Amino acid sequence: MRVLGIEGTAWAASAAVHAVESDETAIFTDAYRPESGGIHPREAAEHMREAIPGVVREALDHAAAEAGGDSAPSVDAVAFSRGPGLGPCLRIVGTAARAVAGSLDVPLVGVNHMLAHLEIGRHRAGFDSPVCLNASGANAHLLGFHNGRYRVLGETMDTGVGNAIDKFTRHVGWSHPGGPKVEAAAERGEYVALPYVVKGMDFSFSGITSAAKEAYDDGAAVEDVCFSLQEHVFGMLTEVAERALSLTGNDELVLGGGVGQNARLQEMLGEMCAQRGARFHAPEPRFLRDNAGMIAVLGAKMAAAGDTISIEESRVRPNFRPDEVPVTWRADEDVARAGDPADAGTQRGAEATVALSDAVVKRREPRAYRHPDLDARLRRERTRGEARLLHDARRLGVPTPVVRDIDPREATLAMERVGDCDLRDRLTEAHVRAVGRHLATLHGAGVVHGDPTTRNVRVDGRTWLIDFGLGYHSTHVEDFAVDLHVFEQSLAGTAADPDPLLDAFESAYREAGDPAVIEQLREVEGRGRYQ
Ligand SMILES: C[C@@H](O)[C@H](NC(=O)OP(=O)(O)OC[C@H]1O[C@@H](n2cnc3c(N)ncnc32)[C@H](O)[C@@H]1O)C(=O)O
Ligand SMILES: Nc1ncnc2c1ncn2[C@@H]1O[C@H](COP(=O)(O)OP(=O)(O)OP(=O)(O)O)[C@@H](O)[C@H]1O
Ligand SMILES: [Fe+2]
């Protein structure tokens, strides 16, 4: 079987032929390069109009040559990027795909571009059910497979990671795309401190981009800013990837997206995985940046599962989210979470090792992938912050362990042992309601937990909140809403039937806290991040 793929969500006018039996993929790409500034949607669409016919012809010629003069059509299906992406570009690609499928009389397959970034890594690595970090221009998120869908385990709360970097390079007058230029300049740079923003498995870049621009305007060497941008931004992505592995009990990670071509990002992810005994795969660059090869490869899997669409249903989807897609090509898989060993001896969390006896000693281990200055700063700040907030929460009446000792230099806390197990392993409505009430109490007093996941709640007769290492004080409704979003994402990622739990959580929060936070939560969830 051979499948034609067509891609054109933003800058890459690309067509490819994937031959299933030999697993060979030929890719033909004609890139749009803006003369100034970033990607202009109208110019990009104009480029698609001019370039798509040429790359499709090249791909079909290639397929015909491979077919060696067979009378049968040279491809068995046509797959296209249906979204997310720029509407005007998508429509041109959609039209081209319909025309080719119609004239060859073969089925049409509508592919989610972000899932294609993920599946190409899974395919090339031969991994079973990896967590995926998509690091592309317009997006940044972590995906994991659970109950027949890819779930968004964490994502950017503002711009995509490539866009965040490209904004900085535009500010200093460099041409698009900025990522490779930052990578080159970073080789000669030294460390300066920038903001570092991780909220559970979510993260945001706007503060870093602004601080980087300011540092440059204030006279910092551009090489130093580039170096530090990479250390912070990729450090954050690596940290959240590690959190996702830890929370899901997974030991395979794949990388996707154009920013994934960056050697420093690949190095950090590789080191993080090596340190925790997980396997890591980054596909070759031609499969990382936008390309039709990944569309053809996933298109072939979808076609084999019978997941094709009629012309009438094939409208494009500029805001197509990855978690909306029924994963037909993995329908027969029954994926169980590996799970961590029971509460005995030493536990390994996402960032700390926790020695459990009558008491608990939690030590934030150094992270080799992180710049030493940043590593020391985060371990010290988080240890101090955790001790302080555990105490504050207790005073507000939220059950937390009593802190017995703290050593910020060693990043070590000694505290009371609480609960029989993590909430993840006993997900009842009553406990989830209690989490809703406790978060409402904290938020009412201006405290953000920062990482309220189903692993950071301990349960017995009571419902205890632990792990305040990412917590902070705030008066912003947005920060409280993101806290709720983090908890709901972790529920959706760990519960077999999350809906009743989500309802119970929200109704308890609404009763005990500020309903405006729930409204803001809807805003956070609905944010269009894909234009
Ligand atoms: C929706 C779709 O159109 C969009 N595509 C996209 O963003 O193109 P992609 O090829 O995945 O990524 C482009 C980004 O990748 C960055 N980039 C390329 N090489 C890089 C490098 N060596 N280091 C850092 N960033 C790099 C560029 O600066 C640019 O921001 C997406 O996947 O989000
Ligand atoms: N005070 C405590 N009493 C009982 N168990 C605890 C306590 N503190 C931590 N644990 C156990 O150790 C695990 C990891 O602890 P913690 O969440 O504080 O570390 P972490 O490395 O920051 O983890 P993560 O980032 O995954 O939440 C918890 O999920 C819990 O099972
Ligand atoms: Fe992409």
Side-chain angles (χ1 to χ4, degrees), residues 7-12 31 38-39 44 81 83-86 89-90 113-114 116-117 134-141 159-167 169 176-184 186 200-201 229-230 233-234 239 242-243 245-247 256-266 285 288-291 294 318 320 340 342-343 346-356 359-365 382 386 390 400-403 413-425 451-458 460 464 466-470 490 529-531:
E7 156 65 29
T9 54
W11 64 268
I39 293 179
S81 265
L86 300 169
C89 296
L90 291 172
H113 176 96
M114 299 319 299
H117 272 307
N134 265 332
S136 64
N139 292 281
H141 55 222
T159 66
V161 56
N163 290 356
I165 294 172
D166 296 339
K167 270 188 200 156
T169 53
H176 186 84
K181 292 162 190 122
V182 167
E183 178 164 20
M201 289 185 283
L229 252 185
Q230 292 203 153
V233 167
F234 300 157
E239 173 169 359
E242 179 159 28
R243 284 178 184 277
L245 292 174
S246 170
L247 185 72
V259 180
Q261 295 168 102
N262 187 288
R264 178 66 179 130
L265 175 58
Q266 291 195 8
L288 278 167
R289 56 182 171 255
D290 281 359
N291 68 91
M294 66 185 191
F320 203 1
D340 287 348
D343 285 16
T346 301
Q347 280 259 49
R348 181 191 202 134
E351 61 167 340
T353 52
V354 176
L356 297 164
V360 168
V361 178
K362 170 170 175 176
R363 174 171 150 83
R364 291 189 156 78
E365 302 290 340
R382 288 177 179 178
E386 177 165 16
L390 280 169
T400 59
V402 176
V403 177
L413 276 183
M415 66 186 122
E416 177 192 6
R417 181 172 183 167
V418 297
D420 297 332
C421 66
D422 293 352
L423 174 62
R424 175 176 82 163
D425 302 316
D451 192 18
T453 64
T454 54
R455 282 196 63 180
N456 286 336
V457 177
R458 298 279 301 171
D460 46 24
W464 305 80
I466 62 167
D467 196 6
F468 282 71
L470 298 181
S490 101
R529 282 179 280 274
Y530 298 131
Q531 279 85 21

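First listed ligand is number 1; within each ligand, the first listed atom is number 1. Here the structure is a predicted model, which means the values were calculated and not measured.
Between D467 and ligand 2, at least one N/O pair is under 3.5 Å apart. At under 3.5 Å, not a single nitrogen or oxygen of F234, backbone or side chain, sits near a nitrogen or oxygen of ligand 1. Residue-to-ligand polar distances keep P84 apart from ligand 1: every N/O pair is separated by 3.5 Å or more. For the pair E7 and ligand 1, the shortest N or O to N or O distance does not fall below 3.5 Å. Checked against a 3.5 angstrom limit, the closest N/O atoms of E351 and ligand 2 fall inside it. Checking only distances, G258 does come within under 3.5 Å of ligand 1, N or O to N or O. For ligand 2, the polar-atom distance check finds no N/O of P401 at less than 3.5 Å from any of the ligand's N/O atoms. Where the criterion is an N or O separation shorter than 3.5 Å, residue side chain and backbone included, R289 fails it with respect to ligand 1. Between A352 and ligand 2, a contact under 3.5 Å exists for at least one N or O pair. Ligand 1 has no N or O atom lying under 3.5 Å from any N or O atom of P177, backbone or side chain. Ligand 2 has a nitrogen or oxygen under 3.5 angstrom from a nitrogen or oxygen of R455. For the pair R243 and ligand 2, the shortest N or O to N or O distance falls below 3.5 Å.
Every atom of ligand 1 is numbered from 1 in the order shown, and the set under 4.0 Å from a heavy atom of Q261 is 18 (C), 19 (N). With ligand atoms numbered from 1 in the order given, ligand 1 contributes 21 (C), 22 (N), 23 (N) to contacts under 4.0 Å with heavy atoms of E183. Residue contact check: W11 has heavy atoms under 4.0 Å from atoms 8 (O), 9 (P), 10 (O) of ligand 1. Proximity to G162 (heavy-atom distance under 4.0 Å) selects the following atoms of ligand 1: 30 (O). Per-residue contacts place G178 under 4.0 angstrom from the following atoms of ligand 1 (heavy atoms of the residue considered): 28 (O). Within ligand 1, the atoms closer than 4.0 Å to a non-hydrogen atom of H117 are 11 (O), 32 (O), numbered from 1 in the order shown.
Contacts of Q347 with ligand 2, taken as heavy-atom pairs under 4.0 Å, involve the side chain alone. Under 4.0 angstrom from ligand 2, the non-hydrogen atoms of A350 come from both its backbone and its side chain. Looking at H176 against ligand 1, nothing comes within 4.0 Å, counting heavy atoms. Heavy atoms of R348 found under 4.0 angstrom from ligand 2: none, in either backbone or side chain. Residue-level proximity to ligand 2 for L356 is carried by the side chain, the only part with a heavy atom below 4.0 angstrom. Under 4.0 angstrom from ligand 2, the non-hydrogen atoms of M415 all belong to its side chain. Here D166 has side-chain heavy atoms under 4.0 Å from ligand 1, and that is the only part of it that gets that close.
Ranked by closest heavy atom to atom 12 (O) of ligand 2, the top entry among L245, V354, L390 is V354. Here the shortest heavy-atom distance to atom 30 (C) of ligand 2, taken over D422, D425, L470, belongs to D422.
Here the N, O or S atom of D290 that is nearest to the Fe ion (ligand 3) is OD1. Distances from the Fe ion (ligand 3) to each N, O or S atom of H113 single out NE2 as the nearest.
Put simply, CG on D451 and CZ on R382 are 9.0 Å apart, with the number rounded to the nearest 0.5 Å.
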Is there a side chain to side chain donor-acceptor pair (under 3.5 Å) between N134 and H117 once you walk through the steps?
CA-CA 7 Å; N134 265 332; H117 272 307; 4.8 Å; no
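The heavy-atom pair separating I165 from G178 by the smallest distance is CG2-C, 4.4 Å.
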